[in-house]
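Heads up, the thing below is written out as structure tokens.
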Amino acid sequence: MSSESTQQPDFPAYRYTAELAGDIERHWQDYWEKNGTFEAPNPTGLLADPSKADIAQRPKQFVLDMFPYPSGAGLHVGHPLGYIGTDVFARYKRMSGFNVLHSLGYDAFGLPAEQYAVQTGQHPRVTTEANIANMRRQLRELGLGHDQRRSIATTDTEYYKWTQWIFLQLFDSWFDIEQDKARPIAELIAEFEAGARLTPSGEPYSALNEADRRKLVDSYRLAYVSDAPVNWCPGLGTVLANEEVTADGRSERGNYPVFKRNLRQWMMRITTYADRLLDDLELLDWPEPIKMMQRNWIGKSTGARVDFVANGETISVFTTRPDTLFGATYLVLAPEHPLVDKLIGPHWPSHGNTHWTKGFHNPIDAVEAYRAQAAARTDEERTAENREKTGVFIGAYATNPASGTHIPIFIADYVLMGYGTGAIMAVPAQDQRDWDFAKVFDLPVVRTVQPPDAFDGEAFTGDGSAINSEFLDGLEVAQAKQKMIDWLTAHNHGKATTTYKLRDWLFSRQRYWGEPFPILHDEYGPVAVPESMLPVELPEVDDYSPRTFDPDDAHSNPEPPLGRVQEWANVTLDLGDGPKQYRRELNVMPQWAGSCWYELRYLDPTNSQAFVDAEVERYWMGPQAPGHPGGGELYVGGVEHAVLHLLYARFWHKVLFDLGRVSSKEPYYRLFNQGYIQAYAYTDDRGTYVNAGEVIQEDDGTFSYQGQPVTQEYGKMGKSLKNIVTPDDMRDQYGADTFRVYEMSTGPLDASRPWETRAVVGSQRFLQRVWRLFVDEHSGQSRIVDGPVDDETLRVLHRTIAGVREDFELLRFNTAVAKLIELTNHITQYHSQGTPRELARPLVLMLAPLAPHIAEELWRRLGNEDSLTYVDFPVADPTLLIAETIEYPIQINGKVRSKITVPADADEATVQAAALADEKIAALLEGAAPRKIIVVPGRIVTLVK
RNA sequence: GCCUGGGUGGUGGAAUGGCAGACACAACCGUCUUAAAAACGGUUGCCCUUGCCGGGCGUGCGGGUUCGAGUCCCGUCCUGGGCACCA
């Protein structure tokens, strides 16, 4: 490619080739680095820069990309799509009078490096740092304007020191329901000590012994140890979060069996923030689908708790339809429900229905058999669509508190222990699942909402008047709900209740390559490592793997790698009450921890006194107006983080807000979901992937590789699919600027699109045409002239400025590129004798965010000494946006029949007259006056014949 | 099943309810060249007509609102993503 210039004697010596682009790009990358061009000044602290005082005065703009994992495979062309998008936006904002913070750090803890370490014995830090270095190089070569001083990695000791510090903030906090916010745990203890808050048992706090006090206080903490059931995966030797378990009960990674086990694990009390996480979505400029996914995940539903009495036991159920209580004809408990064993009858009632007993001699056997059957099923089988309802009668009855009727109690696997109370009141007339179950077991159906006359379905879930419901009869659903809740409350049978799908966040991992917990254990439980002793550094180990077990051994127990280092795990420390023996927490934090607050560390990465300085945080993240939640102006990333990362990060941020550590309620004000770049892959007749770069499309549309037909697939880029194209390849073949322009021009940032290497040349031709406007390809001489610009070109220029500005603002880079191409082509055609400076200057400035290296080079050739990074973006002259004449299409009955050109300031009557006077129109009207004439100013004339 | 995006030329994609297909790729033709490449210029939604002038049909499909619909409304099909017996 670039070598042609030396082989071909007549090849223009100064053409913008990949080789020349490479020279220019290296030069400017060095220049930017040397001059700290993209280093954004802070208002105070170590990153305040007196030489940039003018920039520090500007309004701020915090542009953020989702935190990448530095993969050992390096980047392919799909990865930088979003990074280039944010870079274009950030550069545009720098030219629009903003102090722009744009950096990129590394979410560098995680499994791949650890697994590599397990296999090779190589310390994960070594691989991680090599991967980061490679990724930094790749990104630098794309010309991304990141502030390198702020490019932290979660594995930096100085960084995870503060991750541990934030963990301690959570550990040392509790959620005050009254105030709806987190408060320091010391305030809780003070309330207990003063007697202002009663202990749950009613005993005075001062009367409790140390163990009970500690236990009580620990039960309030936002970070707490729990014996909750977890997903234990012996094959991996670790506990998995629910999200890491597939629907059929296996590990997402490795596909090993996963067992529900009660284990001691660290949890985060995110559920206390459910309402605020839900409500504050309203304050954010996020795509509606993402908000919807978060709402669904939080899963708030309001209704009532209703208590049913059976054999002296109280069964609480949750229902969203308390108005249908009179129609509750049976109860269903989850098979695992703890009350089942107490309620179970020794014998079948004499009037027992054979459907219900399933041929067992007594309920005890029936329940045992059903439980075994339910446990043996995979989740997939249990949740299969349209599955016949199964269950079994437990030989006991409960009393419906409203109707007083005795209703049978069943267990069934369609009721889940983990949601609500693990028990439901079944109302077959108004719930399809209950209807289905009732049909199988021949249970009574009592309609309590009047369906419409035309209704011929089964369960009726719509609105209607209450029937068969005594004091509710005649009320609509909403009023009936309220009245029933009032009645339940008044008679002590229940009360209004809200439940959430959201669970507390499982926060510990049995791994090595993560942040150690800053926690010690003494005889009473967990104790915080004092702030002065942070960071708790990862010790060296000789084996990085957790102990793994037979994948099917459900009774094995986790043994984290840190447990192998006994001299680290067992320490004697003086925490203020004399030297004492402690055992360190052996788990490490999940990868989410580091990505929950990284954007805050970007703000003040070198601060050794605080995780971020308060004034610095207020400047970059603070609310921009009353009612504004604060947060970064733009956050770009893939939709795959719609729920977990974004929810966890919001949660941590809100805790820090409650504790007065940050001034913003939310970390990410505007969220934008980028699309993905996908690629074609090809398989031969054996199903083996062939090198996609060598596949040829035949004239008949089929594909072949080395003469053999191959089959096309479409999807991800991957090594095994042999369809990887890297930014390094593109830099070598075309140059980084061409690559940037191509990625931005192929579609809107939020659209996924296929990669097509052969189309990249279009972007290169565009930049070559721009280059030719400035430089004579043969002599290298400047083609810039000081001559006048014709009026039409001037108007094109100013329309382009206005359009490009708007497009950049809205991240519509593809149409911005199209407009710049049109302008370039126009200048090429109208000013073939030399490019007027008046056109060259705005063109190069508008191009700069997209193709910064060539723009800097051309800017220098225009005689400027400094970088154009902070030069004002061109502003359109409004008087030049108005055309002198306007061409109106004229429609008759919706079809364009002719066109007229009139002065731009012609009034409607003039336009109308001109339209009617047009020869073709007059001919088509045949002398008759049109029935109607519509003139849309500046747009169109429509006649109705 | 529920919740969400999206269906426009050979391809990626443009289009505040106002001339559908900007811009780009591919394809074809031309200029230049001994030739090729590069570059530059032209043609390119489909169909009829084609010497020219024209005409018809077109944004997944079927309806509707409107002077006018890719855009708004109703229904329907296909498809990407998310959640899933959530009481």
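Given the structure is predicted, the values throughout are model-derived calculations rather than measurements. Just so we're on the same page: letters track the sequence lines, and every chain starts at 1.
Of the listed nucleotides (C85(B), C19(B), A22(B)), A22(B) has the atom at the smallest distance from the side chain of Ala818(A).
Taking the P atoms as reference points, U4(B) lies 13 Å from C74(B), given to the whole Å. Rounded to whole Å, the P atom of G63(B) lies 38 Å from the corresponding atom of G51(B). The same atom, C1', is picked in A22(B) and in G45(B); the two are 15 Å apart, to the nearest Å.
Between the side chains of Gln432(A) and Asp436(A), at least one donor N or O sits under 3.5 Å from an acceptor N or O. Ser316(A) and Asp307(A) share a side-chain donor-acceptor pair at under 3.5 Å. For the residue pair Tyr682(A)/Asn723(A), the side-chain donor-acceptor check at 3.5 Å is not satisfied.
With hydrogens and angles ignored, no donor-acceptor pair under 3.5 angstrom links the side chain of Thr815(A) to the base of G13(B). Looking at Lys389(A), its side chain comes within 3.5 Å of the base of C85(B) through a donor and an acceptor atom. Residue side chain Arg939(A) reaches the base of U16(B) through a donor-acceptor N/O pair under 3.5 Å, judged by distance alone.
Asn814(A) has a side-chain polar atom (N or O) that falls below the 4.0 Å cut-off from OP1 or OP2 of A14(B).
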Show me the protein contacts with nucleotides 40-47 of chain B, counting only N or O atoms at under 3.5 Å.
{"residue": "C40(B)", "atom": "OP1", "partner": "Arg772(A)", "partner atom": "NH2", "Å": "2.8"}

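Each of Ile821(A) and Ala751(A) was assigned the nucleotide of RNA chain B with the nearest heavy atom; the assignment lying further toward the 5' end belongs to Ala751(A). RNA chain B is contacted by both Tyr500(A) and Gly747(A); Gly747(A) maps to the nucleotide lying nearer its 5′ end (nearest heavy atom per residue).
Distance, Glu756(A) CD to G12(B) C1': 7 Å, rounded to whole Å.
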